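Naming: A, B, ... by sequence-line order, numbering from 1 per chain. None of these values were measured; they are calculated from a predicted model.
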Amino acid sequence: MLDSTFFRINVSETAEKLMARGYQLDVSLVVDLETQRKSLQVKTETLQAARNARSKEIGLAAKRGEDITSLRAEMNTFSAQLNAVKAEFETVNAKIKDIASSVPNLPHDSVPIGKDEDQNVEVSTWGSPRKFAFDVKDHVDLGEALDGLDFKSAVKISGSRFIVMKGQIAKMHRALAQYMLDLHTQTHGYTELYVPYLVNAESLFGTTQLPKFGDDLFNTNPATQEGIGMSLIPTAEVPLTNMARDIIYDEADLPIKMTAHTPCFRSEAGSYGRDTRGLIRQHQFDKVEMVQFVHPEKSFEALEELTCHAEQVLKNLNLPYRKVILCTGDMGFAATKTYDLEVWLPAQNAYREISSCSNIGDFQARRLKARFRPTGAKKTEFIHTLNGSGLAVGRTLVAVLENYQLEDGRIEVPAVLVAYMGGLTHIG
RNA sequence: GGUGGGGUGGCCGAGUGGCCGAAGGCGCUCCCCUGCUAAGGGAGUAUACCCUUAUCCGGUAUCGAGGGUUCGAAUCCCUCCCUCACCGCCA
């Protein structure tokens, strides 16, 4: 959610920036509603002040034993008037909130203008794709041959876009997550959290999955009269970032760095037919997520740092990757700036997204009421939130299988994982 | 799942219709006093929004959430959420 002053004072500038993202803001509507809101609020509060004063008088009169029936009657008509104005005020407010919560964040000035992913800009590449002296297999063929990936059983049990992993491949999947957590907690300074996988609607609103992106979620049955049950988390960003909801931190508490390994559940509505083969796009996948709460002046610095933490995993696994900065048209709803890390997949002969690291600025914090008090200051300020995958575990497994495959179909275990695999150096 | 008790400021805790944004205590901040320490005295100490060039002042809202009754609700009524205790069940 953007600050309301963006809609009052800098409307045209705001609209222009949103245009770069492909969002058209109805400027005159916004200005009109804001003007109405302002005058209705003043009106309402003035009437409320009058009502409070009169009520007090009635109380005193009654105490003196005076007759108050006429005063009461007078107040009844007054209240009717107040309620009418109040209702109008609330209607306008609701409209503004609707608009405000569907407007995406403003891109940072350093973000390239562009329409879609084709206009993303490569920042750097690391490592060079290995040359294979044989025909490479993709992770599906490799995993099935090793009896480690069982798509058939998953379809039977749940449906498409699910996986059953077995044996050493299941173990490697676990090893990858463990390794990532250890790296982030032991050398990158994150605190490990274990969090709920089912979250309520307030949390989803706070991290901006709601109200716009509810279709991407798996929901439990409506549990309340409002019809909103709990939802399976699409990413650990939701529980982690909501840790800050309704909190006022001391300035000295910042930065706060958290990581968690969780499954993620996505309905993948609207991606029918894309990545239908293999583990790339699943309804359920594991991810190690990093989240930071930082001082507003430090958030872009923190984005660089957080992205490096994700890169470090790829480097330590010796997986070639490239880093791209997303253009305005390809960024997520809440982000001010996003780096994607794309890992090399030999079988696809392409780089594929394996991590996405974003600075959200104060966009989530405003919804979350996540604030800090600058040392010595009276007023609170919104913190900035950041999140990034470090990394998507399933896709990392894919990358390891494909990049570490041997001609005979066995998989070499990356050096840093050997200890996590009980000393095993090869699978198969 | 059953029965009963609760949700009030950073924390504890008083408050059953107006004088309550809220006593008192703790904590914290500042000041005074005191060789040091300890003790003592005084003042201050929620959040958001509105008004305001800004500050001060002032206004509005918030006592778990939402709705209702009333001229007026922390206080009465309804619904929901959370929590504690005991019982049952149980990874």
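- Other residues, nucleotides and ligands contribute more than 12 heavy atoms inside 6.0 Å of the NZ atom of Lys315(A).
- At most 12 non-hydrogen atoms from other residues, nucleotides or ligands lie less than 6.0 angstrom from CD of Glu16(A).
- The stretch residues 367-374 of chain A comes close to RNA chain B through Arg371(A), Arg373(A), each having a heavy atom under 4.0 Å from the strand.
- Comparing the C1' positions of rG9(B) and rU45(B) gives a spacing of 10 Å, expressed to the nearest Å.
- When the C1' atom is compared between rG18(B) and rA43(B), the two are found 30 Å apart, to the nearest whole Å.
- Between rC26(B) and rU69(B), the distance separating the two C1' atoms is 39 Å to the nearest Å.
- Of all the residues in residues 76-90 of chain A, Asn76(A), Ser79(A) reach under 4.0 Å from RNA chain B with at least one non-hydrogen atom.
- rA65(B) and rU8(B) have their C1' atoms separated by 15 Å, given to the nearest Å.
- Of the two residues contacting RNA chain B, namely Ala62(A) and Arg37(A), the nearest-nucleotide position lying further toward the 5' end is that of Ala62(A).
- When the P atom of rG17(B) is taken as reference, atom CE of Met75(A) falls 20 Å away, rounded to whole Å.
- If you check rA85(B) for Watson-Crick or wobble pairing at under 3.5 angstrom, you find it paired to rU3(B).
- Rounded to an integer number of Å, the gap from CD1 of Ile248(A) to P of rU45(B) is 16 Å.
- For the residue pair Ile325(A) and Val111(A), the shortest heavy atom distance occurs at CD1-CA, 4.5 Å.
- The side-chain heavy atoms of Leu25(A) and Val30(A), taken from C-beta on, include a pair separated by under 4.5 Å.
- Pairing for rC51(B) is absent, with no Watson-Crick or G-U wobble pair whose two atom distances lie under 3.5 Å.
- Across every strand in view, rC11(B) sits in a pair with rG25(B) that passes the Watson-Crick or G-U test at under 3.5 angstrom.
- In this structure, Arg72(A) reaches the bases: a heavy-atom distance under 4.0 Å links it to at least one base atom across the strands shown.
- Base pairing analysis places rA74(B) opposite nothing; no Watson-Crick or G-U wobble pair with both distances below 3.5 Å involves it.
- Phosphate contact (OP1/OP2 of rC50(B), side-chain N/O of Lys43(A), threshold under 4.0 Å): absent.
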Is there any protein nitrogen or oxygen under 3.5 Å from a nitrogen or oxygen in nucleotides 10-12 of chain B, and what are the pairs?
none

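- Between the CG atom of Asp246(A) and the C1' atom of rA46(B) there is a distance of 14 Å, rounded to whole Å.
- rC51(B) and rC56(B) have their P atoms separated by 16 Å, given to the nearest Å.
- Panel note: side chain Ser102(A), backbone Ile99(A); a donor-acceptor pair is recorded below 3.5 Å.
- If you take CD1 of Ile247(A) and C1' of rA46(B), they are 15 Å apart, rounded to a whole angstrom.
- Residue-level contact check: Leu71(A) touches neither bases nor backbone, having no heavy atom under 4.0 Å from any strand.
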Report, one pair per line, the protein and nucleotides 59-62 of chain B atoms (nitrogen or oxygen only) whose separation is under 3.5 Å.
{"from": "rG59(B)", "atom 1": "N2", "to": "Glu45(A)", "atom 2": "OE1", "distance (Å)": "3.0"}
{"from": "rU60(B)", "atom 1": "OP1", "to": "Asn52(A)", "atom 2": "ND2", "distance (Å)": "3.2"}
{"from": "rU60(B)", "atom 1": "O3'", "to": "Gln48(A)", "atom 2": "OE1", "distance (Å)": "3.3"}
{"from": "rU60(B)", "atom 1": "O2'", "to": "Gln48(A)", "atom 2": "OE1", "distance (Å)": "2.9"}
{"from": "rA61(B)", "atom 1": "OP1", "to": "Arg51(A)", "atom 2": "NH2", "distance (Å)": "3.1"}
{"from": "rA61(B)", "atom 1": "OP2", "to": "Asn52(A)", "atom 2": "ND2", "distance (Å)": "3.4"}

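- No more than 12 heavy atoms of other residues, nucleotides or ligands lie within 6.0 Å of CE in Met243(A), so this atom counts as exposed by the packing criterion.
- We find that Asp141(A) and Arg277(A) are joined by a salt bridge, their nearest charged nitrogen and carboxylate oxygen being less than 4.0 Å apart.
- Atom OG1 of Thr14(A) is separated from atom CE of Met19(A) by 12.5 Å, given to the nearest 0.5 angstrom.
- Evaluation of the salt bridge (Lys or Arg N to Asp or Glu O under 4.0 Å) rule for Lys166(A) yields Asp147(A), Asp150(A) as partners, not counting sequence neighbours.
- The NZ atom of Lys379(A) sits 12 Å away from the C1' atom of rC50(B) (whole-angstrom rounding).
- Residues satisfying the ring pair (Phe, Tyr, Trp, His ring centres under 6.0 Å) criterion with Phe162(A), sequence neighbours excluded, are His283(A).
- Searching all strands for a Watson-Crick or G-U wobble partner of rC33(B) with both distances below 3.5 Å returns nothing.
- Across the strands present, rA46(B) finds its partner in rU62(B); the criterion is a Watson-Crick or G-U wobble pair with both atom distances under 3.5 angstrom.
- Annotation: cation-pi geometry not satisfied between Arg395(A) and Phe285(A) (NZ/CZ under 6.0 angstrom from ring centroid, within 45° of ring axis).
- Atom NZ of Lys212(A) has more than 12 heavy atoms from other residues, nucleotides or ligands within 6.0 Å.
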